[in-house]
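Everything below concerns the one structure shown next.
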Amino acid sequence: MKYKKITQNFYGGDTLKVAKALLGKYLVRKYHSKKLAGRIVETEAYVGPNDLASHASRGKTPRNLIMFNGAGYWYVYLVYGLNYCLNVVTEQKDYPAAVLIRALEPITGIEIMIKLRGINDINQLTNGPGKLCQALRINKKLNGTKAFGNELYIEDRGYRVSGRGIKSANRVGVDYAGKYKDKKWRFYLKDCQFVSLR
DNA sequence: TATTGGATCGCC
DNA sequence: GCGATCCAATAG
């Protein structure tokens, strides 16, 4: 099968469905004629204005503005002062929702990822949201850019994931989120060694 | 203008 | 288990 870039239209769907559908797709990063890629093995959904775990739960702010502007754009932010997190915005304009990319299986450009990460353990290269941003040189400059453009995008390479191959779990690091903290909105590939927490 | 705490990571 | 490190969000 020919590699097929995921279109903007795809991201406009239901966030939980998009979060699951992104498992097995490939995140591709291009810069300075270099190409890096990894298979997505873990995601989390942040859904709507009432989700207390979401940055958008207290309305529009300068940081989360991109979440309100319609599907198919990257939302990149700094957490804990030192790590970036990569999300793709989903659903309709004015309904804030996004999918956090939490872990990848490194596929292309592994030597470059090793340099960018400063470690050489393949298992530790991209098994967390901050780690994969470091490995793929993703930072705030990409915030607000197209997820269907040329610098950073997701493509379908024909890798199929069955429903039984997907596990659901609580989201990570959202204990402050009241009744939303126990939503099983984290999705990952069963038995995958590149998932962040197991 | 000041304070608080976080969608994490890596080392102890 | 805990410190790093900075900036967004909120309070005053």
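By convention in this document, chain letters (A, B, ...) are assigned in the order of the sequence lines, proteins followed by strands, and residues within each chain are numbered from 1.
A:Lys140 has a side-chain polar atom (N or O) that falls below the 4.0 Å cut-off from OP1 or OP2 of C:dA8. Side-chain N/O atoms of A:Arg58 include none lying less than 4.0 angstrom from OP1 or OP2 on C:dA8. Within the 4.0 Å cut-off from OP1 or OP2 of B:dT8, not a single side-chain nitrogen or oxygen of A:Tyr84 is found. One finds a side-chain N or O of A:Arg63 lying less than 4.0 angstrom from the OP1 or OP2 phosphate oxygen of C:dA9.
Between the side chain of A:His55 and the base of C:dA8, no donor-acceptor pair under 3.5 Å is found. Side-chain to base pairing of A:Tyr77 with B:dA7: one donor and one acceptor N or O lie within less than 3.5 Å of each other.
Among the nucleotides B:dT8, B:dA7, C:dA9, the one closest to any side-chain atom of A:Val172 is B:dT8. Residue A:Pro129 has its side chain nearest to B:dC9 when only B:dA7, C:dA4, B:dC9 are considered. Of the listed nucleotides (C:dC6, B:dT8, B:dG10), B:dT8 has the atom at the smallest distance from the side chain of A:Arg102.
By the 4.5 Å heavy-atom criterion applied to side chains, A:Arg39 and A:Lys25 are not counted as neighbours.
Base pairing of B:dA7: no nucleotide in any strand meets the Watson-Crick or G-U wobble criterion (both distances under 3.5 Å). Base-pair partner of C:dT5: not found among the strands shown (Watson-Crick or G-U wobble, both distances under 3.5 Å).
Residue-nucleotide stacking is present for A:Tyr46 and B:dA7, judged by a side-chain ring centre under 5.5 Å from the six-membered base ring centre and planes under 30° apart.
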